[in-house]
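Below is one structure, written out as structure tokens; the observations come after it.
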Amino acid sequence: MFQPQSKGMLAVAAMTLISGTTASLETCSSSTPFSCVSSSTSPTCCFNYPGGALLQTQFWDTSPSTGPDDSWTVHGLWPDNCDGTYQSSCDSTRAYTNITAILQAQDRDDLLDYMNDYWIDIDGDNESFWSHEWSKHGTCINTIEPSCYSDYTAQEEVGEFFQKTVDLFKSLDTYEALSAAGITPSTSKTYTLAQIQAALTTLHGASVYLGCSSSTLDEVWYFFNVQGNAIDGTYKAAATLTTSTCPSSGIKYVPK
């Protein structure tokens, strides 16, 4: 089931995350500005625009349960326009529906195995879920358009999008961060919004969006501003100004 998103404005915070390098993407100067800091900057292969921010989003699905009992699961990687709006489904010519085949052709079997464990569709149709996330969000990241590659191989950006999303997810262990703060799944305990926010702000370096359904925690979004392209650029944590859908207290975090 594809769950809807709402977005919020961003503010830059202190944490920086630097990924590995990708040889065939355009090399970006260290003087390139971070996304969301210059509305006058034109779209280039080194500046996300207009979807300036990138959000690594996660699910805690319990009805039905998806993924390991001791881990959240991947929702996606979304570009955001830095003002609460976003583009979607930006290139119908690259709306691929064969993500598994693309990853296999790129010898990304380890990535595919990981996605089948941690990037799970609530209705059991992982392929459709991945295709949806790529077509709706991946095609709107301008810094990984085919023209940004110096020696482009067809669908190269697709594998890199999924790998980057997974790499970010691995760096943001929501379950462990909450557990370290004494926030564990329970059928009887409840928590405050401040408790959960504090634990994940410590993890991320900036405040996060927290989503609830009927006072039950089920979503978290980590916001980043990026210097350079989305694959090997520098990621800086950004605080969400999105209003949480969770109550201030009595939040349930139920076991899978």
Side-chain angles (χ1 to χ4, degrees), residues 7-58 74-83 85-88 90-91 94 103 106 108 111 119 133-134 136-153 155-173 203-209 221-240:
K7 300 284 192 68
M9 296 175 64
L10 308 176
V12 174
M15 187 189 79
T16 301
L17 184 153
I18 302 177
S19 76
T21 59
T22 302
S24 61
L25 270 166
E26 180 175 316
T27 300
C28 300
S29 168
S30 60
S31 63
T32 299
F34 276 92
S35 57
C36 298
V37 300
S38 176
S39 60
S40 62
T41 299
S42 300
T44 72
C45 294
C46 292
F47 187 83
N48 287 328
Y49 182 91
L54 290 175
L55 284 61
Q56 201 292 295
T57 58
Q58 301 182 15
V74 182
H75 188 171
L77 182 64
W78 304 342
D80 181 283
N81 291 341
C82 310
D83 62 1
T85 65
Y86 62 95
Q87 296 176 302
S88 63
C90 295
D91 187 350
R94 294 188 295 140
L103 297 183
Q106 296 179 7
R108 296 182 183 270
L111 172 61
W119 199 330
E133 289 300 309
W134 164 253
K136 182 174 181 180
H137 301 293
T139 62
C140 294
I141 302 176
N142 68 287
T143 62
I144 60 170
E145 291 177 356
S147 60
C148 290
Y149 289 79
S150 58
D151 186 19
Y152 180 67
T153 300
Q155 303 170 341
E156 182 175 359
E157 77 280 20
V158 179
E160 293 190 340
F161 167 82
F162 284 99
Q163 184 67 64
K164 186 63 183 182
T165 305
V166 164
D167 288 346
L168 287 170
F169 172 76
K170 288 180 176 179
S171 76
L172 296 164
D173 191 333
L203 169 67
H204 183 45
S207 60
V208 303
Y209 168 80
W221 303 348
Y222 296 94
F223 290 68
F224 292 95
N225 287 337
V226 182
Q227 182 185 50
N229 64 63
I231 305 305
D232 63 358
T234 299
Y235 277 60
K236 181 181 291 186
T240 177

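The model shown is predicted, which means the values in this text are computed figures rather than measured ones.
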Donor-acceptor contact present, side-chain [X] to main-chain [Y], <3.5 Å:
| X | Y | value |
| --- | --- | --- |
| Gln227 | Ser30 | yes |
| Asn142 | Tyr49 | yes |
| Asn81 | Gly51 | yes |

List the residues meeting side-chain hydrogen bond (donor to acceptor under 3.5 Å, both in side chains) with [X], not counting sequence neighbours, and say none if there are none.
| X | answer |
| --- | --- |
| Ser31 | Ser29 |
| Thr143 | Asn48 |
| Gln106 | Arg108 |
| Asp91 | Thr93, Arg94 |

Look up atom [atom1] in [X] and atom [atom2] in [Y], then write down how far apart they are to the nearest 0.5 Å.
| X | Y | atom1 | atom2 | result |
| --- | --- | --- | --- | --- |
| Leu54 | Asn225 | CG | CG | 8.5 Å |
| Cys36 | Asp83 | SG | CG | 9.0 Å |
| Leu168 | Tyr222 | CG | OH | 11.5 Å |
| Asn229 | Ile144 | CG | CD1 | 8.5 Å |
| Cys82 | Phe223 | SG | CZ | 10.5 Å |
| Thr57 | Trp221 | OG1 | CH2 | 7.5 Å |

Could you pull out all residues at least two apart from [X] that satisfy side-chain contact (heavy atoms from CB on, under 4.5 Å)?
| X | value |
| --- | --- |
| Thr44 | Cys46, Phe47 |
| Cys90 | Gln87, Thr139, Cys140 |
| Asp167 | Gln163 |
| Ser147 | Glu145 |

Any side-chain heavy atom of His204 within less than 4.5 Å of one from Phe224?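 They are in side-chain contact.
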Quick one, Ser150 and Glu26 - any side-chain contact, counting heavy atoms below 4.5 Å?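 Counting from C-beta outward, Ser150 and Glu26 never come under 4.5 Å.
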Could you walk me through whether Phe161 and Ile141 pass the side-chain contact (heavy atoms from CB on, under 4.5 Å) check? CA-CA 9 Å; Phe161 167 82; Ile141 302 176; 3.9 Å; yes
Does the side chain of Tyr235 pick up a donor-acceptor pair with the side chain of Gln56 at under 3.5 Å?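 No - no donor-acceptor pair under 3.5 Å links their side chains.
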If you take all heavy atoms of [X] and [Y], which pair is closest and at what distance?
| X | Y | value |
| --- | --- | --- |
| Tyr152 | Gln155 | OH-N, 3.0 Å |
| Pro79 | Leu77 | CD-O, 4.0 Å |
| Tyr149 | Glu160 | OH-OE1, 2.7 Å |

Listed partners of Phe162 passing ring-ring contact (aromatic ring centres under 6.0 Å, His included), at least two apart: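 With sequence neighbours excluded, Phe162 shows a ring-ring contact (aromatic ring centres under 6.0 Å, His included) to Trp119, given in chain and number order.
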Thiol sulfurs of Cys148 and Cys45 closer than 2.5 Å: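 Yes; the two sulfurs sit under 2.5 Å apart.
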